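Since the structure is predicted, the reported quantities are computational estimates derived from the model, not experimental observations.
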Amino acid sequence: MRALFAYLALAPHPVPRGQLCELLWDIPDDPRGELRWCLSRLRRVLDTPGRRRVETPSDAVSLNLADTSVDAIEVAHAARDGIGTLATERLRALASLFAGDLLEGLELDRLPAFEGWLVAERRRFRDLHATLLEELVGRLPDEEAAAPLGAWLRLAPFDLRPHEAVLAALARRGRIREAEEHLAATARLFEAEGLDAAPLRALWRAARTGVEEAPRPRVAACPISPAPAEAAVEVSPAGARRASVAVMPFTELTAGPGLPGGPADALVYDVITRLAKLRSLFVIAPGTVFALRDRGVAPAEAGRMLGVDYVVSGSVQRRGGRLAVAVELAEARSARIVWTDVLDHAAEDAFLVLDAIGNRTVASVAGEIEAIERNRAILKPPDSLDAWEAHHRGLWHMYRFNRPDNERARHFFEAAIRLDPTFSRAYAGLSFTHWQNAFQGWAERPAAVEAAYAAAGQGLMADDRDPAAHWAMGRALWLRGRHDPAVEELEQAVALSPNFALGHYTLAFVHSLTGDPGTAVAASDHSRRLSPFDPMLFGMLGARAMALVRLGRFEEAAEAGLKAAARPNAHVHIPAIAAVSLALAGRLDEARAHVTRARAAQPRYRVGNLIAATKPALDSEKLFREGARRIEFA
């Protein structure tokens, strides 16, 4: 009952009963009966005359706690409104609410979904606690700050910031010996955990000499490769290390000095926000990068100071009636430029231009970083991978689109989840491997469908703000034959991150088969604009071809099918789509060549295999069969 109350209290929306049953009961006979009994107990505790707090709208459950005080909810609301805006006494009161981890002592065996949620929430509230303490320490004089600073150190012993505050306070008060003892003890602690202690010593040098240092991200409480400069990079609050990137303010190339707040600054703010929404990267906040710019710190130097993996920089220039943006992505440690482009647009509408350039910049930066991380992970020994690296090793195999590699990808995604049960992207990847098993016929479809759905659900539990988690759920729901809920999940994915190319592609895929083909064409085109070199490009083009077939635009469908089949990693269904599209366009010899290609991969392949995999609407199925009849592919 305690677990049920906590989950309902922290849920942002009413929770379906079925979801609660799957989350909290590992019994085969009557989980809904158990849920009803627990809800009745909760009503006895929470409901008062004239006030029903346990509400059951439709087949869902929620708690109405508007006029009650729940410590976790108070802290969460304060964080939402902005901790920095709170009065000091309010900060003290909120910090005093913490007496340990969230739901300390509560452990439910054999309920991995609930355990994953609980781990993520505990980490979230520990992070909020640290933020509260940091704010208090920054406001209070040294004498009063001692208690919250001690609590902050106990909570986050591998975070550079509380140690920086301790060393600075001791230096200000001339207590050099105590500071050096603290430094020595902390350095031993860091080195015992495989962390680089050099940033600590740099902090002490700065404190003693009075040199002002830039803000530093947090040190991860796990072994990582030491940064080359005097800082180390934070891992995600949800647990898994993520690649880190600093988007430095772009230079505005004008006849005179560029003014703050112009198009260059607006573009950088937009790119930072959009990259953060992808939730696959750790992105340095705009306040830090603009502060470094204002102090004259160059992008390469800023990357070294911040200890990030990648730095984005660029320039903005008006050329007559056009706006040209030069963008560059570099590895911070080696200063190697890994991607560069000049994005040139007519400048009639500044907002639309910046939006289009921002879209392309974000998708390109994210795609290039993911490709580098995949290739880096494949070179490491499998038994040395952390969760982030195991996830990217899984992506490398996943994008091969064959049965052996799909199985290897599943292995690496499962390894990533074992290393970090709250890593939502690893669950999304695992769901995709099960999806592939069902779609390609590599496993019994019903079992693979349920495995894809279960993994997607665990990803949502880990982070329901991750667009990839909703993308995985949308694909799994489509496999289950639930078109409308699938579209809702995919639309949520692209609402969370408008630059999430795979979300737009999968919307195209679903609409091309069982929805609106016009919407499918538009979504396919948008996904390709966002990610023109995507590993899933064959799928984007294949979805476009199937949608155009339904629209009766057979020649266009044939061209899209040809382009899809030309991609080197296209799976067996793609030449089949090309063959049918070409046949409907009357290009029979080309169509037969693609039948030969499909059968080279799968000798007994027929159009029935394509229909079984894609489950198209009746109008699509009739057209597929008509095209197949023309080339003896039935």
Does the Lys NZ or Arg CZ of Arg374 fall within the cation-pi geometry relative to Tyr399 - under 6.0 Å from the ring centre and within 45° of the axis?
no

Exactly one candidate in Val338, Val311, Ile337, Val247 meets side-chain contact (heavy atoms from CB on, under 4.5 Å) with Leu329; the answer is Val338

For Ala452 and His434, the nearest pair of non-hydrogen atoms, with its separation, is N-CB, 3.5 Å

Original post:
Heavy atoms, side chains only, cut-off 4.5 Å: are Leu623 and Phe554 in contact?
Top reply: yes

Rounded to the nearest 0.5 Å, the CG atom of Leu275 sits from the CG atom of Asn499 at a distance of 8.0 Å

The complete set of salt bridge (Lys or Arg N to Asp or Glu O under 4.0 Å) pairs with one or both residues in residues 559-582, sequence neighbours excluded, reads Glu559-Arg587

- prompt: Mind checking whether Trp471 and Phe432 have parallel, tilted or perpendicular rings, split at 30° and 60°?
  reply: parallel

Worksheet entry | Donor-acceptor contact present, side-chain Trp435 to main-chain Arg475, <3.5 Å | yes

- Hey, would you say the His391 and Phe412 ring centroids sit under 6.0 Å apart? no

Nearest heavy-atom approach of Asp270 to Gly358 is OD2-CA, 4.2 Å

Do Glu450 and Arg480 have side-chain heavy atoms sitting under 4.5 Å apart?
yes

Rounded to the nearest 0.5 angstrom, the CG-CG distance for Leu507 and Asp516 is 11.5 Å

Heavy-atom side-chain proximity of Arg376 to Trp396 below 4.5 angstrom
no

(request) Run the salt-bridge test on Lys615 and Glu621 with the 4.0 Å N-O cut-off and return the result as yes or no. (result) no

d(Gln492 CD, Asp464 CG) to nearest 0.5 Å is 8.5 Å

Donor-acceptor check, side chain of Ser527 to backbone of Ser524, threshold 3.5 angstrom: yes or no? yes

message: Does atom CZ (Arg465) have a neighbourhood of more than 12 heavy atoms from anything else shown, all under 6.0 Å?
response: no

Does the side chain of Lys277 come within less than 4.5 Å of Leu496's, by heavy atoms?
no

Nearest heavy-atom contact between Gly627 and Ile631 is O-CG1, 3.4 Å

- Item | Heavy-atom side-chain contact between Met398 and Phe413 under 4.5 Å | yes

Determine whether a donor-acceptor pair (N or O, by modelled atom type, separation under 3.5 Å) exists between the side chain of Thr273 and the backbone of Tyr269.
yes

- Exercise: do His483 and Thr514 side chains pair donor with acceptor under 3.5 Å: yes

CD1 of Ile577 to CG of Leu582, rounded to nearest 0.5 Å, is 12.0 Å

Next on the checklist: Donor-acceptor check, side chain of Arg410 to backbone of Thr433, threshold 3.5 angstrom: yes or no?
Outcome noted: no

ask   = Under a 4.0 Å N-O cut-off, is there an ion pair linking Asp619 with Lys622?
value = no

Asp309 and Ala243 have their tightest heavy-atom pair at OD2-CA, 3.4 Å

So side chain to side chain donor-acceptor pair (under 3.5 Å) across residues 593-605, not counting sequence neighbours, yields His573-Tyr605

Do Asn359 and Arg274 come within less than 4.5 Å of each other through their side chains, counting heavy atoms only?
yes

Distance col, row Thr614:OG1 vs Phe624:CZ, nearest 0.5 angstrom, shows 5.5 Å

Could you tell me whether a side-chain N or O of Asp525 sits under 3.5 Å from a main-chain N or O of Ala522, the two making a donor and an acceptor?
no

Residues Thr422 and Ala462: closest non-hydrogen pair is O-CB, 3.4 Å

Here the gap from Ser620 atom OG to Arg550 atom CZ, rounded to the nearest 0.5 Å, amounts to 4.0 Å

Minimal heavy-atom distance between Ala468 and Ala428, with the atoms involved, is O-CB, 3.6 Å

Worksheet item: Quick one: are Tyr310 and Glu373 in side-chain contact, heavy atoms under 4.5 Å?
Response: yes

- prompt: Does Glu370 pair with Arg425 as a salt bridge, N-O distance under 4.0 Å?
  reply: no

- prompt: Taking the six-membered ring for Trp, are His392 and Trp388 ring centroids under 6.0 Å apart?
  reply: yes

Would you say Leu548 and Pro517 make side-chain contact, with heavy atoms under 4.5 Å? no

